[in-house]
Structure formats: structure tokens, C-alpha cells
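Each remark here refers to the structure printed beneath this line.
None of these values were measured; they are calculated from a predicted model. Note that these values count all heavy atoms, side chains included, but never hydrogens, waters or copies made by symmetry.
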Amino acid sequence: STPSSSQIVWNWNVVAGAADYQWNTTNTYPGAGVNVVPGPTYTQTGLICNTAYALYVWAYDACSNSSSPTTLNQTTSSVPNLPGLITGTGTVCDPQNGVAYSVAVIPGATGYVWTYTGAGFTIITGTNTNSITANFSASASGSLTVYGTNGCGSGPSSPAFGITVNTPSTVPLAPTP
């Protein structure tokens, strides 16, 4: 399975005739009755981000254990990758509601943080996701960025997506007689 930032779920093939399995993090048989699991899976927790880990697994029955272990290797995840480009509307009016913005799924991200440098910007749907809908309530142009988060921390920010907020016109919409 895919490791997370702080745990790895180890899986290995069932060995015919095995009663249980024993594991160790070094290539040394742990000894009778130590680190025993009943099936071909073990969850290792409390791990460090972006670190390689190895697990050695022996099958055993009532009389003996396998002569050499199965060696498994995995690396825990790191902070999320650099996001792609934000897509959406680059020019909006003040006020304007229901404006959509998105970014491709960021590898390694379990959450998303969107930031706008202008005033009057409110996310109304999609908080903490890769796709948001926002309202604009002030004539403040700015830039929108997003970055991914996970148990290891925050990834780098996306390139800035410029948004121009146009103010309402003061010109009469119809000529006066």
C-alpha cells in the first residue's frame, strides 16, 4: 500500500502452512514469540516523513521458521509537490458570486490552502480541496495561490494567478431625457 507521512501498512504474500509471521526492522530473526502477527499484514506507526524503511518477515509454524526473511522496502511520504497552474476567471466584477477556481490534484496533498492577496474574497465551497467557488465583494484586484498540506507539512505555493476586480460603472445605464 501507499505509505503516509507517519505510517506504513506492510503487506506480503501468504506462505502455505505458516501459522503466523514474525517481523523485525533489522535482518535478524527476532526470537520465538517476538513481533508476531497472525496474517500477512502489519501497520508500523510513529514514523518520520520522507524516510526509507525496511521490514524483514519470517513465516513460521509450530516446528520452525523460514530460513531467510522476505525483505520489504518503502519510503514514507514528504510534503506535497509543487502545484500546477490555477484555472478560473481572471476578470470579475464587484460584486460577483460563484466564481470557480481549481488546480490539478497535488501529489501527496491531503488538504489545500488557498490565499488571495486582495480584499473581499470569500471561499463559499470547496475549502481544503483542489476546487473552490468564491465570492468577490470588494474592488480589490490581487493574486490567488494554493499549496498542498499533509502530515509532513506544507508544500510550495503555486504560481500566482492574477485576478482583476472591476468596479461597478457610475455611468447611467440608460440615457436621461
For a quick test of reading the model, state the closest non-hydrogen atom pair linking Pro69 to Asn27 and the distance between them. CG-OD1, 3.2 Å
Should Ile106 and Val113 be regarded as members of a common hydrophobic cluster, given that ILVMFWY residues are connected when their side-chain heavy atoms come within less than 4.5 Å of each other, either directly or indirectly? no
Verify, without hydrogens or angle tests, whether Asn150 (side chain) and Gly111 (backbone) share a donor-acceptor contact under 3.5 angstrom. no
Atom CG in Asn50, atom SG in Cys152: separation rounded to 0.5 Å? 7.0 Å
Val99, Ile123: one ILVMFWY side-chain cluster at the under-4.5 Å cut-off? yes
Sub-3.5 Å donor-acceptor pair from the side chain of Ser131 to the main-chain atoms of Ser102, do we have one? no
Is Val103 linked to Val105 within one hydrophobic cluster, defined over Ile, Leu, Val, Met, Phe, Trp and Tyr using a side-chain heavy-atom separation of less than 4.5 Å? yes
For Ala140 and Ala119, the nearest pair of non-hydrogen atoms, with its separation, is CB-N, 3.3 Å
Are Leu82 and Tyr147 packed together at the side-chain level, in the sense that at least one heavy-atom pair is separated by less than 4.5 angstrom? no
Is the closest side-chain heavy-atom distance between Trp23 and Val37 below 4.5 Å? yes
Closest non-hydrogen atom pair between Ser154 and Pro80, with its separation: C-CD, 4.3 Å
Run the side-chain contact (heavy atoms from CB on, under 4.5 Å) check on Leu47 and Ile8 step by step: do they pass? CA-CA 8 Å; Leu47 305 179; Ile8 295 174; 3.6 Å; yes
Heavy-atom pair of closest approach, residues Gln22 and Gly31: NE2-O, 2.6 Å
Find out whether Gln7 and Thr43 are in side-chain contact, i.e. whether some heavy atom of one side chain is under 4.5 Å from a heavy atom of the other. yes
Criterion side-chain contact (heavy atoms from CB on, under 4.5 Å) on Tyr60 and Asp20, from CA distance to verdict: CA-CA 6 Å; Tyr60 77 94; Asp20 287 309; 3.5 Å; yes
Is there a donor-acceptor pair under 3.5 Å between the side chain of Thr76 and the backbone N or O of Ile48? yes
After noting the C-alpha distance and the side-chain angles of Trp58 and Asn24, does the key distance pass the side-chain contact (heavy atoms from CB on, under 4.5 Å) rule? CA-CA 9 Å; Trp58 291 263; Asn24 209 351; 3.8 Å; yes
Just verifying a value: how many Å separate Ile132 CD1 and Asn128 CG, rounded to the nearest 0.5 Å? 11.5 Å
Return yes if a side-chain donor-acceptor contact under 3.5 Å exists between Thr164 and Ser141, otherwise no. no
Side chains of Thr125 and Thr133 only: does a donor on one sit below 3.5 Å from an acceptor on the other? yes
Is the closest side-chain heavy-atom distance between Tyr29 and Asn65 below 4.5 Å? yes
Can a donor-acceptor pair be found, under 3.5 Å and without considering hydrogens, that links the side chain of Tyr21 to the backbone of Val15? yes
I need the minimum non-hydrogen distance between Tyr112 and Thr149, along with the two atoms involved. N-OG1, 4.3 Å
Flag the pair Tyr56 / Thr70 as yes when at least one side-chain heavy-atom distance between them is below 4.5 Å, and no otherwise. no
To the nearest 0.5 Å, tell me how far Thr89 OG1 sits from Leu144 CG. 11.5 Å
Side-chain touch Phe136/Asp94, heavy atoms, less than 4.5 angstrom: no
Determine, stepwise, if the pair Val57 / Tyr42 fulfils side-chain contact (heavy atoms from CB on, under 4.5 Å). CA-CA 10 Å; Val57 179; Tyr42 167 67; over 6 Å; no
Should Pro83 and Pro159 count as side-chain neighbours, where that means a heavy-atom distance under 4.5 Å? no
Donor-acceptor pair, distance only, cut-off 3.5 Å: does the side chain of Thr117 make one with the backbone of Ser143? yes
Between CG of Asn73 and OG1 of Thr75, what distance do you get to the nearest 0.5 Å? 8.0 Å
Could I get the full list of disulfide bond (SG atoms under 2.5 Å apart) partners for Cys93, not counting sequence neighbours? none
Residues Gly98 and Asn135: closest non-hydrogen pair is N-OD1, 2.9 Å
Can you tell me how far the CG atom of Asn97 sits from the OG atom of Ser137, to the nearest 0.5 Å? 8.5 Å
Start with the C-alpha gap between Trp10 and Gln44, add the side-chain angles, then the distance that decides, and say whether side chain to side chain donor-acceptor pair (under 3.5 Å) holds. CA-CA 8 Å; Trp10 299 95; Gln44 188 176 8; 2.8 Å; yes
Interatomic spacing from OH in Tyr101 to CZ in Phe161 - rounded to 0.5 Å: 6.0 Å
Under a 4.5 Å cut-off applied to non-hydrogen side-chain atoms, are Val9 and Thr41 in contact? yes
Would the distance check show the side chain of Thr51 and the main-chain N or O of Cys49 forming a donor-acceptor pair, the cut-off being under 3.5 Å? yes
